[in-house]
Structure formats: C-alpha cells, structure tokens
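Predicted model, so just to flag it, every value in this text is computed and none were measured. When reading the values below, keep in mind they use all heavy atoms of this one structure, side chains included, and skip hydrogens, waters and symmetry mates. Residue numbers count from 1 along this sequence. In listed order, ligands and their atoms are each counted from 1.
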Amino acid sequence: MSKSISDGFKDRRTIYALTNESTISDDRLEQLVRDVVLHTPSAFNSQTSRLVVLLKKDHERLWDIAYEVASTTVPSEVFEKVYKPRIAMFRKAYGSALFYEDAAPIRPLEDKWPMLKDKFPQWSEHASAMHQYALWTLLEAEGLGCSLQHYNPMLDARIAEEWKVPADWSLKAQLVFGKPVGGPGREKAFEPVEQRQFVYGK
Ligand SMILES: Cc1cc2nc3c(=O)[nH]c(=O)nc-3n(C[C@H](O)[C@H](O)[C@H](O)COP(=O)(O)O)c2cc1C
C-alpha cells in the first residue's frame, strides 16, 4: 500500500480528472473490494451490501449506457450542458464500483424484531454508505482518484440487463475511479469544527 489508511482518510477528495489507467493490478483491486465486502460492518451483521465492479471495456460500456439513457430521458438543454460532458469525463476513467443493497437478508430480521422494522431499511442505507466510504479511502491510499456518482435509478434496468444483476438489488451509488491527472477542483472549505465536534469528559 502506498499510503497509510490514516493518510488515505485525510487525503481523500473528489477527483474528476482521471485516466483509464490504474495504479494497482486488477488482482489487488479485487482483493481490496473483497476486504471491503468482508470487513465493513452492517446492522445485526445482516451483510446486505453487494458490489459490482466494472473495469476497462465494461466501465466504458456503463458510461455508454448512461449516455444513451440520459440523452433520451433528460431535457436536451440539461443533457448538453451537464450530463454529456460529465458522462464523457467518467467514461475516461478506469473503472466504476456499483454499490447495491439486497433487501433479502433483512426480511427475516424485520419479522424477528418487529419493533425495529422501520430501522432496517435505514441501516441498510448506512451499511452501503460505509462500503462506499471504505472503498473510496482504500483506493485513495493506493493512489487512485475517485468521484461518487448517483445515476440511479436512471440506469438500474439497463445495468441489471447488461450484467445480470438480480432485479431485487437496489443500486445506491457509483464510485468512478482511475489514475488522477489533476487534483481536486478546489481547496476544501471547512465549516468551523468547534460547531461540529464536541468532546466531554477528557
Ligand atoms: C452522500 C454523498 C453524495 C454525493 N453525491 C455526489 C454526486 O452525485 N456527484 C458528485 O460529483 N459528487 C457527489 N458527492 C461528493 C461530494 O460533493 C464531495 O464529497 C463533497 O463536496 C466534499 O468534497 P471532497 O470529496 O473533495 O472531500 C457526494 C458525496 C456524498 C457523501
């Protein structure tokens, strides 16, 4: 690993300028994804998260599909100004990790814990976010740049068809990654931390 997790945590930013190269082998990438899937926590250890990773031609295919879908569903002015350049930019990257949640594991838990029934879907969303963040941080530590996208539900059906994703998995986010060719667009501004962090009993 080129950086510590702690440095990956601090250095992680949104990076859009990415190339179709990787700083690590596909085997190493697959191992990191496996670590995220195995070791990220979930409510009641329900293990609801599913990751589908698309590399190279499959990644390009994803963003070709995004182009096709967006060009026929988004108002043309918005498509030209926003979607078209963004999709072209994402397509130039190396890969995309698709984060899904599978509701099947929480159904028995909802039956077993009826007083928590409304919490399980929320916790499933939380678990997905943890997976997203874990992978984003690990990839940063490996020298890869990422941006987090939300082309769901627009692309759900086409992706499910193309990569045989079970219909009842719900797509939550897409992490686009590749070798960075630029830094983050701007310096990050922070709201006063004193108003956001409170420690008592030190
Ligand atoms: C829940 C969540 C949703 C986000 N959605 C998007 C998105 O759809 N498109 C995008 O380009 N960035 C998205 N971002 C990235 C944020 O805009 C970005 O993380 C934030 O501005 C802080 O910048 P940084 O990532 O460089 O630290 C999202 C981030 C989070 C945590």
Side-chain angles (χ1 to χ4, degrees), residues 2-20 23 32-33 36 40-43 48-54 59-60 62-67 69-71 73-75 78-101 119 121-159 169-193 195-197:
S2 49
K3 270 186 202 176
S4 68
I5 297 297
S6 159
D7 283 342
F9 176 81
K10 289 184 204 146
D11 293 345
R12 182 220 53 79
R13 293 293 312 273
T14 294
I15 312 281
Y16 295 114
L18 304 169
T19 70
N20 62 355
T23 55
L32 292 173
V33 172
V36 168
T40 306
S42 57
T48 46
S49 303
R50 310 282 178 260
L51 265 75
V52 175
V53 180
L54 306 175
H59 162 84
E60 289 175 359
L62 171 70
W63 294 102
D64 288 344
I65 290 172
Y67 185 99
V69 174
S71 65
T73 54
V74 172
V78 182
F79 174 75
E80 289 295 328
K81 259 199 193 146
V82 181
Y83 283 76
K84 192 172 165 178
R86 282 190 159 231
I87 288 170
M89 182 172 73
F90 302 142
R91 192 184 185 281
K92 285 187 190 152
Y94 186 74
S96 297
L98 312 183
F99 295 85
Y100 285 89
E101 284 297 296
K119 296 288 185 299
Q122 285 179 37
W123 289 335
S124 167
E125 301 278 343
H126 297 181
S128 177
M130 289 192 180
H131 284 71
Q132 293 163 37
Y133 186 55
L135 187 60
W136 195 346
T137 304
L138 285 175
L139 295 186
E140 165 63 39
E142 298 285 356
L144 285 158
C146 303
S147 85
L148 190 66
Q149 301 306 319
H150 295 89
Y151 283 70
N152 44 290
M154 187 194 271
L155 303 182
D156 293 22
R158 289 291 306 277
I159 294 175
W169 292 8
S170 170
L171 182 58
K172 302 298 177 190
Q174 305 83 50
L175 191 68
V176 178
F177 56 88
K179 195 171 174 179
V181 278
R186 59 185 158 207
E187 187 108 341
K188 192 160 170 176
F190 294 98
E191 298 295 325
V193 74
Q195 292 166 22
R196 301 195 287 145
Q197 177 203 306

**Student:** Taking the side chain as everything from C-beta on, heavy atoms only, tell me whether Glu101 gets closer than 4.5 Å to Glu125.
**Tutor:**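 Contact flag for Glu101/Glu125 side chains = no.
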**Student:** For ligand 1, find out whether one of its N or O atoms is nearer than 3.5 Å to an N or O atom of His150.
**Tutor:**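 N/O-N/O distance below 3.5 Å exists for this pair.
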**Student:** So, regarding Ser147 and ligand 1 (criterion: nitrogen or oxygen to nitrogen or oxygen, under 3.5 Å), is there a contact or not?
**Tutor:**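 Ser147 vs ligand 1: no N/O contact under 3.5 Å.
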**Student:** Give me the nearest non-hydrogen protein atom to atom 27 (O) of ligand 1 as residue plus atom name, then the distance to 0.1 Å.
**Tutor:**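 Checked against all protein heavy atoms, atom 27 (O) of ligand 1 sits closest to Lys188 NZ, 2.5 Å.
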**Student:** Ignoring hydrogens, what is the shortest heavy-atom contact between Cys146 and Leu175? Give both atom names and the distance.
**Tutor:**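 The answer is CB-CD1, 3.8 Å.
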**Student:** Checking Arg13 side chain against Arg186 main chain: does a donor-acceptor pair fall under 3.5 Å?
**Tutor:**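 It does hold such a pair.
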**Student:** When you measure from atom 26 (O) of ligand 1 to every protein heavy atom, which one gives the shortest distance, and what is it?
**Tutor:**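 Scanning the protein heavy atoms, the shortest distance from atom 26 (O) of ligand 1 goes to Arg13 NE, 2.6 Å.
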**Student:** Does Arg196 use its side chain to pair, donor to acceptor, with the backbone of Glu191 at less than 3.5 Å?
**Tutor:**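 At least one qualifying donor-acceptor pair exists.
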**Student:** Quiz question for you: does at least one protein heavy atom lie closer than 4.0 Å to atom 21 (O) of ligand 1?
**Tutor:**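 No, no protein heavy atom sits under 4.0 Å from atom 21 (O) of ligand 1.
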**Student:** Could you list which atoms of ligand 1 come closer than 4.0 Å to a heavy atom of Tyr16?
**Tutor:**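 Near Tyr16, the atoms of ligand 1 are 10 (C), 11 (O), 12 (N).
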**Student:** Should the pair Phe90 and Tyr151 be assigned to parallel (<30°), tilted (30 to 60°) or perpendicular (>60°) ring geometry?
**Tutor:**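 Judged by the thresholds at 30° and 60°, the geometry between Phe90 and Tyr151 is perpendicular.
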**Student:** Check each atom of ligand 1 against the heavy atoms of Arg12 and keep those under 4.0 Å away; list them by number with element.
**Tutor:**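 Numbered from 1, ligand 1 contributes 24 (P), 25 (O), 27 (O).
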**Student:** When you compare ligand 1 with Leu148, is there at least one nitrogen or oxygen pair between them that comes in under 3.5 angstrom?
**Tutor:**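 The answer is yes, given that Leu148 and ligand 1 share an N or O pair closer than 3.5 Å.
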**Student:** Checking side-chain polar atoms at under 3.5 Å, does Glu142 have a donor or acceptor matched by the opposite partner on Ser2?
**Tutor:**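 Their side chains do not contain a donor-acceptor pair, so the 3.5 Å distance test is not met.
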**Student:** Nearest heavy-atom pair of Val176 and Ala93: which atoms, and what distance?
**Tutor:**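 Nearest heavy atoms, Val176 then Ala93: CG1-CB, 3.6 Å.
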**Student:** In the complex you have, is atom 1 (C) of ligand 1 within reach of the protein, judged by whether a heavy-atom distance drops under 4.0 Å?
**Tutor:**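 Neighbour list for atom 1 (C) of ligand 1 is empty of protein heavy atoms (cut-off 4.0 Å).
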**Student:** Should the heavy atoms of other residues, nucleotides or ligands under 6.0 Å from CZ of Phe9 be counted, would the total exceed 12?
**Tutor:**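 Result for CZ/Phe9: open.
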**Student:** Scan the protein's non-hydrogen atoms and note whether one is under 4.0 Å from atom 9 (N) of ligand 1.
**Tutor:**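 For atom 9 (N) of ligand 1 the answer is yes, since some protein heavy atom falls inside 4.0 Å.
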**Student:** Do Trp123 and Thr48 get their side chains close enough for a donor-acceptor pair, meaning under 3.5 Å?
**Tutor:**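 No, because no side-chain N or O of Trp123 sits under 3.5 Å from a partner of the opposite role on Thr48.
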**Student:** State whether any protein heavy atom lies less than 4.0 Å from atom 31 (C) of ligand 1.
**Tutor:**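 It does not: no protein heavy atom is found less than 4.0 Å away from atom 31 (C) of ligand 1.
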**Student:** Which of the atoms of ligand 1 are close to Arg86, meaning less than 4.0 Å from one of its heavy atoms?
**Tutor:**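 Once the distances to Arg86 are compared, the set is 11 (O).
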**Student:** Give me the residue, atom name and distance of the protein heavy atom closest to atom 25 (O) of ligand 1.
**Tutor:**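 Result: Thr14 OG1, 2.6 Å.
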